[in-house]
Amino acid sequence: MNFELTEERQMLQDTLRRFLKDRYTTEVRNKILDSDVGMSADIWNELAELGVIGALFTEDQGGFGGMGFDIAVVFEELGRAGVVEPFLDGALLCGRILAHAGQADKVEAIIGGTLQLALAHGEPTSRYDLNYVQTTAKGNVINGRKAVVMNAEAVDTLIVSARTSGGAADEDGITLFAVDKDAKGLMIQGYALLSGGRAAEVTLDNVEGTMIGEEGKGFALLETAYAAATVAQCAETLGAMHTATNLTKEYLMTRKQFGRPIGTFQALAHRMADLLIEMEQATSAVTRAAGFLEEDARTRDMNIHAAKNLMGRAGRLVSEEAIQMHGGIAMTQEYELAHIAKRITMADHRFGDTDHHLEKFIALSAA
Amino acid sequence: MDLNYTDEELAFRDEVRAFFEEKLKPELAEKVRLGTGLSKEDMEGWHATLNAQGWLVPNWTKEFGGAEWNAVQRHIFDEESARYDAPRTVPFGFSMLAPVLHKFGSKEQNDYWLPRMLNGDDWWCQGYSEPGAGSDLASLKTKAVREGDHYIVNGQKTWTTLGQHANMIFCLVRTDSTVKNQEGISFLLIDMDTPGVEVRPIILLDGTHEVNEVWFTDVKVPVANLVGEENKGWTYAKYLLTHERTNIAGVGYSQAGIATVKRIAKAEMAGGKPLMQNPLFAARVAQVEVDLMAMATTNLRIISKAAEGAAPGVEASMLKVKGTIIRQEINDLARRAVGVYAMPFASEMVEGTNEPLPDPHDAGPLAAHYFNNRKLSIFGGSNEIQRGIIAKVTMGG
Ligand SMILES: Cc1cc2nc3c(=O)[nH]c(=O)nc-3n(C[C@H](O)[C@H](O)[C@H](O)COP(=O)(O)OP(=O)(O)OC[C@H]3O[C@@H](n4cnc5c(N)ncnc54)[C@H](O)[C@@H]3O)c2cc1C
């Protein structure tokens, strides 16, 4: 066993941490949050040049990483800095789908930072179930509605899932399509998100698309891409939790009330200690999920479900306790912790929440 | 023992219900229900409606236009108020300042300020906290120096709720720096239109403008606006804090909140079935409901003691802690319930403009409320401070 990062990953981590610390300050991010597009193209390009996207893909796919640990290193750093640019959706999630569907040219463009995509899969009543698709396609003509599609307004092409056969909850019969943003009958209604970035409701009224991969076999593409994305989401949350606990530790040591640092009140000191214990748990859960991403599906999924469930619980504890122990200051939008706490909490609304993954874990562990 | 309301109490409840049915406009209740943010006019309008009924200030004596309700009646009103999604009244004047004036103010002050409060002539806000003085309120530094018929006030208050609407602020100020912290504080009423007063907004993490900084630079305040005696302000402040804690358990809000969560979870689908049928989610809801049922009775037990005239002491702190934990838990359930639809940022909605949000249309502000209500365990004496009080009172030290 060896828990050290490889030299390459260590370098990537150092580079990213330094870059984001200098470049992605609270002020810079608050400007991005206030902007209409909700992201910065400059930041996207600069990070792409630093290899943030390349690290998410294997050499075969044109990158220089692509393993669970590569994903974890990248997203933990993005999480620490509270980055709102949609690398998770626009690059990793969609890139993985295209890579597995054999669209090498598109993947190359994603790695180069010149192509961003959006995945329109979830629907208003599908909640967190990956197999639930009611949008239909006859031939290549799609009808339906997609919910909270990340980054939809910013991209030229959307990847849309639609049912070409079977019932609403069948894994078989889901087909993926590339849909041009300007396609006739496509409506995108965008809005800002509470924890930064933008998403949209997407409705498709007889929209023409181009099939990606094989007909009816979209679920397998989605499943592997979601596994990687869930690892990324957990790592991002871990990074944000590091920032939250660091800010809280510093604040407890400097804020004085009743003539002494508030961290000297045992009521707070013990709770800070509890957070640090949970941070170790969270680190291990993410390490496992990342390390087993390339294993057989059962091992992979057990560890991913475990991690996402644990991150949901530990994340909630960290974000609520960090705010509480700060007092009023943490309630202000300007303060770094406010954004970080929102990132942590809203992560529980992505790729399945605490309960969803507990149910999935039970199904595997009881089997 | 009898766990039911008496006939008289039931009759009173019917009267309250009839009032809400008749006088609460559906548009206003809808705003409260969706939490889309009330305008100053909304709040003032509701105050006027209550005043016309004689119910604006249930805690005041009849002499000054109060209803003189007992604690159980007040509880019934609060409970129904939450059930009907009625706005809550802005408490700073009616239930914080007024009792202090009543007990410690001069006759002139009572005769002048109380009727103006009822008429909606003044909007009061509370100027206690400072950047360096939160939990340790007595360490406050805003200074008032007497010069002839005036005090000259310099310093800064912060977290001033709805200060952007206010024209009057009651402040704790330091009038003697040579004595123990608690012994050099005075209670001043300050007109916010006086030169040298500046209000700066603080935007909260959910995007709302609810609190402010209030800065004082050489602000002249007439000595007539001193409440009680100079340097006795801490006594008055502590008295006010006991009033700040009425309706502290927020039982009505929690009951309304649970109803909302159930309504959402029945409509929200998970795995082809309503979320409310999901065993994990149902267990979460039930757990809070069990706690709430017990707390509602704790609340009534304490209230009926108070109705007999006993002052709630350490129990108020207990209700604050448990009540806020339950309310925050319900906010957490509500955001969980709507799944991915918790993510859209409804600040536009919170601020009252019309940008359309995706269905389910009441999902919009739920996550924002979850974050906003983290304040419940921070203000009004944080839950840590309350636990300190409970421990101190019961174990000494
Ligand atoms: C939304 C909002 C509205 C508000 N409205 C008003 C208003 O209208 N008027 C007004 O005057 N004030 C208002 N306040 C201020 C509020 O009363 C203070 O935030 C509160 O007193 C806590 O002070 P603080 O924020 O400075 O935190 P601090 O006092 O710095 O506390 C930080 C942390 O330390 C803990 N702590 C402090 N002392 C101890 C101790 N001895 N033992 C254990 N733990 C301790 C606290 O519980 C907290 O967790 C408002 C605050 C908020 C957030």
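In what follows, chains are A, B, ... by sequence order, proteins preceding strands, each numbered from 1. All figures in this text were calculated on a predicted structure; none of them were measured in a lab.
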Handout entry: Closest-packed option against chain A by number of heavy-atom pairs under 4.5 Å, given B/A367, B/G388, B/S139
Key = B/A367

Practice task
Using only heavy-atom distances, determine whether the side chains of B/E384 and A/Q324 contain a donor-acceptor pair under 3.5 Å.
Solution key: yes

Practice task
Grab the two heavy atoms, one from B/L205 and one from A/I323, that are nearest each other, plus how far apart they are.
Solution key: CD1-CD1, 4.3 Å

Problem - Interface moiety of B/A267 toward chain A, non-hydrogen atoms closer than 4.5 Å - result: neither

Practice task
Against chain A, work out which of B/R374, B/Q328, B/M269 has the most heavy-atom pairs shorter than 4.5 Å and name it.
Solution key: B/R374

Handout entry: Evaluation steps, side-chain contact (heavy atoms from CB on, under 4.5 Å), between B/R284 and A/T354
Key = CA-CA 12 Å; B/R284 282 183 189 273; A/T354 312; 4.2 Å; yes

Practice task
Would you mind checking which part of A/Y132 comes under 4.5 Å of any heavy atom in chain B, side chain (CB onward), backbone (N, CA, C, O), both or neither?
Solution key: side chain

Handout entry: Residue among B/P131, B/S382, B/G271, B/S377 with most heavy-atom pairs under 4.5 Å to chain A
Key = B/S377

Practice task
Identify which part of A/D348 has an atom lying under 4.5 Å from any heavy atom of chain B, answering side chain, backbone, both or neither.
Solution key: side chain

Handout entry: B/E198 atom CD: more than 12 heavy-atom contacts under 6.0 Å
Key = yes

Problem - Closest-packed option against chain A by number of heavy-atom pairs under 4.5 Å, given B/N278, B/I202, B/V211 - result: B/N278

Handout entry: Partner chain A: residue of B/D332, B/N181, B/T158 with the largest heavy-atom pair count (under 4.5 Å)
Key = B/D332

Handout entry: Interchain contact, A/I262 with chain B, by part (heavy-atom threshold 4.5 Å)
Key = neither

Completion exercise
Looking only at heavy atoms, the pair that brings A/Y191 and B/P344 closest together is CE1-CG, 3.5 Å

Problem - Polar contact flag, side-chain donor to acceptor under 3.5 angstrom, A/Q333-B/D206 - result: no

Exercise for the section: Examine whether an atom of B/N372 lies under 4.5 Å from a heavy atom of chain A, and if so say whether it belongs to the side chain, the backbone or both; otherwise answer neither. Expected result: backbone

Practice task
Using non-hydrogen atoms and a 4.5 Å limit, figure out which bit of B/I385 sits close to chain A: side chain, backbone, both or neither.
Solution key: side chain

Practice task
Just do the side-chain contact (heavy atoms from CB on, under 4.5 Å) check on A/H356 and B/L280 with the steps written out, would you?
Solution key: CA-CA 9 Å; A/H356 174 85; B/L280 295 181; over 6 Å; no

Problem - Between A/T332, A/D129, A/N131, A/L337, the one whose heavy-atom pairs under 4.5 Å with chain B are most numerous - result: A/T332

Practice task
Sort out for me which of A/R271, A/M325, A/E334 touches chain B most, counting heavy-atom pairs under 4.5 Å.
Solution key: A/R271

Exercise for the section: Applying ring-ring contact (aromatic ring centres under 6.0 Å, His included), name anything that partners A/F87, two or more places apart in sequence or on another chain. Expected result: A/W44

Exercise for the section: Name the member of B/S129, B/G132, B/G272, B/P279 that forms the most heavy-atom pairs with chain A at distances under 4.5 Å. Expected result: B/G132

Problem - When A/T345, A/D353, A/L268 are compared by non-hydrogen pairs under 4.5 Å with chain B, the top option - result: A/T345

Problem - chain A contact via B/A133 - which portion, at a heavy-atom distance below 4.5 Å - result: backbone

Fill in the blank from the handout: Between A/Q257 and B/S135, the two heavy atoms sitting closest are OE1-N, 3.1 Å

Handout entry: Structural part of A/D355 lying under 4.5 Å from a heavy atom of chain B
Key = both

Problem - A/M346 and B/F345, any side-chain heavy atoms less than 4.5 Å apart - result: no

Handout entry: Minimum side-chain heavy-atom gap A/R127-B/Y341 below 4.5 Å
Key = no

Problem - Test item: A/M331 and B/E210 side chains (from C-beta on) under 4.5 Å apart, heavy atoms - result: no

Completion exercise
For residues 330-354 of chain A, the ring-ring contact (aromatic ring centres under 6.0 Å, His included) pairs (sequence neighbours left out) are A/Y226-A/F351, A/H326-A/Y335

Handout entry: Under 4.5 Å from any heavy atom of chain B - which part of A/A147
Key = both

Exercise for the section: Answer yes or no: is there a side-chain heavy-atom contact under 4.5 Å between B/Y370 and A/L194? Expected result: no

Problem - Region of A/A200 in contact with chain B, defined by heavy-atom distances below 4.5 Å - result: neither

Practice task
Would you sort out whether B/D136 and A/K256 count as a side-chain contact (heavy atoms from CB on, under 4.5 Å), showing the intermediate values?
Solution key: CA-CA 9 Å; B/D136 183 12; A/K256 284 193 177 141; over 6 Å; no

